[in-house]
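In what follows, every heavy atom counts, from backbone to side chain, and hydrogens, waters and symmetry copies are set aside. Only a predicted model underlies this, so the values are computations on that prediction, with no experimental measurement involved.
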Amino acid sequence: MRKKAIITTAVAFLLLLAVIAAGLNAIFTITYVRADFLTFSEAGEDDAQALQAELNKFVGKSTTFLKLKEVSAAVDDYPCFRLESAEKKFPKTIAVTVSERKETFAYPKADGGFSVFDEDGIYLYDREKNVSRTGGENILLNGFNLVCAQGEEVSGEYFGELLSACSVFAERLNEYRANVVSVTLNKNGSRPEMDSVVFQMTEGVEIELSNPSFRTAEKARAALDTYFALADGERLCGCILAIESALEDTILCSYTRK
């Protein structure tokens, strides 16, 4: 008799939980997914509409039981986007903020085509031609040996230093992709202090950062100071070389017309 009473109580408890869950689901049911998109290209706007349609599939699900990682996974299916924030607005709304990643670098593949990275060095996708979503071409990377995995930061020798230099370019030139055509890594065998990274500027002049593993950002800043000091005609050719002084704790820059 006691056993039967325990079973009856347990069943009643489970039924009560089911009723409570059903009630919560009825009260906290998603009726709207508010997605704010920051896009820079027509392709980004098209992708935003497609992603919005995917996010709308959460309508009708429980606000309480929906896991935000499901929202994150939906955004991850669109490598051109970065999820800035996602939160539940009880009782019935999911609020999402998404920004389009800026295509910045194009890395030639051994089998043809290009791997595309954003300004933070995140691998986005492959493309047959070096054509940017926002028009023109992305900055071509030559001489680098890089490892790419979708959605993750690219790794490889001097790539971190490249991003450090480019952060300075971004400060001084804003949309620096319009000013830089390519970046070439020149290696000198067993003497890394003789290695260099060369930025080919749109006008024609080159910016060379010697020994790029040492004080990279400082060299980039000093080189750009020299670049801005050049006359328009001087920017059409020649090379700006940034090196560290062997005797003093300073960065030296020089411009040579070729």
Side-chain angles (χ1 to χ4, degrees), residues 101-108 114-123 130 132 134 136-148 153-258:
R101 296 181 181 273
K102 290 185 179 180
E103 291 185 3
T104 303
F105 304 105
Y107 177 56
F114 301 88
S115 295
V116 179
F117 314 147
D118 74 355
E119 59 189 342
D120 297 319
I122 303 298
Y123 167 63
N130 182 12
S132 174
T134 55
E137 296 183 345
N138 293 309
I139 298 171
L140 185 63
L141 302 181
N142 299 311
F144 290 85
N145 185 15
L146 305 177
V147 178
C148 314
E153 185 172 329
V154 175
S155 61
E157 188 177 21
Y158 292 121
F159 190 70
E161 287 81 0
L162 169 64
L163 294 182
S164 177
C166 285
S167 67
V168 176
F169 275 68
E171 292 172 6
R172 304 293 299 277
L173 295 168
N174 194 15
E175 296 293 338
Y176 65 93
R177 186 175 63 84
N179 300 86
V180 181
V181 176
S182 64
V183 182
T184 301
L185 171 61
N186 296 320
K187 291 181 61 63
N188 198 330
S190 61
R191 300 187 63 187
E193 71 277 8
M194 298 299 292
D195 294 345
S196 66
V197 171
V198 180
F199 292 78
Q200 177 64 59
M201 307 302 284
T202 303
E203 301 97 327
V205 70
E206 296 177 349
I207 292 179
E208 180 176 356
L209 309 183
S210 178
N211 192 9
S213 62
F214 183 73
R215 299 172 66 177
T216 314
E218 292 178 64
K219 290 175 182 174
R221 191 167 287 109
L224 285 176
D225 287 341
T226 302
Y227 170 78
F228 285 121
L230 295 179
D232 290 343
E234 292 176 313
R235 292 187 186 180
L236 299 178
C237 61
C239 178
I240 298 170
L241 175 63
I243 62 174
E244 64 269 12
S245 170
L247 301 177
E248 300 178 15
D249 188 26
T250 58
I251 301 299
L252 303 178
C253 265
S254 60
Y255 167 72
T256 303
R257 180 184 291 272
K258 293 182 178 179

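- The minimum heavy-atom distance between I122 and R101, with the atom names listed, is CG1-NH1, 3.9 Å.
- Side chains of S196 and E208: a donor on one and an acceptor on the other come within 3.5 Å.
- The one candidate from V197, N142, V198 that meets the side-chain contact (heavy atoms from CB on, under 4.5 Å) condition with N186 is V198.
- Between the side chain of D195 and the main chain of N188, a donor-acceptor pair closer than 3.5 Å is present.
- In terms of heavy atoms, V205 sits closest to G238 at CG2-O, 3.4 Å.
- Relative orientation of the Y176 and F105 rings is tilted, given thresholds of 30° and 60° on the angle between their planes.
- With a 4.5 Å cut-off on side-chain heavy atoms, L224 and I207 count as touching.
- Counting only heavy atoms from C-beta outward, the side chains of R172 and F228 approach each other to under 4.5 Å.
- Atom CG of N179 and atom CD1 of I139 lie 9.0 Å apart (nearest 0.5 Å).
- Side chain of Y107 to backbone of F144: a donor-acceptor contact under 3.5 angstrom is found.
- The distance from atom CD of E218 to atom OG of S164, rounded to the nearest 0.5 Å, is 9.5 Å.
- Atom OG of S254 sits about 9.0 Å away from atom CD1 of I240, to the nearest 0.5 Å.
- Counting heavy atoms from C-beta on, the side chains of Y123 and L146 never come closer than 4.5 Å.
- Of all the heavy atoms in F199 and A165, the pair that sits closest is CZ-CB, 3.9 Å.
- Of the possible polar contacts, none joining the R257 side chain to the C237 backbone as a donor-acceptor pair under 3.5 Å is found.
- For the residue pair E171 and R221, the shortest heavy atom distance occurs at OE1-NH2, 3.5 Å.
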| Passes salt bridge (Lys or Arg N to Asp or Glu O under 4.0 Å), R177 versus E119? Steps please. | CA-CA 9 Å; R177 186 175 63 84; E119 59 189 342; over 6 Å; no
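- Pairing each heavy atom of P192 with each of Y158, the nearest pair is O-OH, 3.8 Å.
- When atom types are taken as modelled, the side chain of Y255 and the backbone of E234 share a donor-acceptor pair closer than 3.5 angstrom.
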| task | Could you walk me through whether E206 and T184 pass the side-chain contact (heavy atoms from CB on, under 4.5 Å) test, one step at a time? | result | CA-CA 10 Å; E206 296 177 349; T184 301; over 6 Å; no
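- Within the 4.5 Å cutoff, no side-chain heavy atoms of N138 are placed close to those of F114.
- How far CD1 of I251 is from CG of L209: 9.5 Å, rounded to the nearest 0.5 Å.
- Going from atom CG of L236 over to atom OG1 of T202 covers 11.5 Å, rounded to the nearest 0.5 Å.
- Atoms CE and CG, on M201 and L173 in that order, are 5.5 Å from each other to the nearest 0.5 Å.
- Nearest heavy atoms, A106 versus N130: CB-OD1, 3.3 Å.
- Between V181 and E137 there is no side-chain heavy-atom pair separated by less than 4.5 Å.
- A salt bridge does not link K102 with D118: none of the charged nitrogens is closer than 4.0 Å to a carboxylate oxygen.
- With hydrogens and angles ignored, the 3.5 Å screen pairs a side-chain donor or acceptor of K219 with a backbone N or O of F214.
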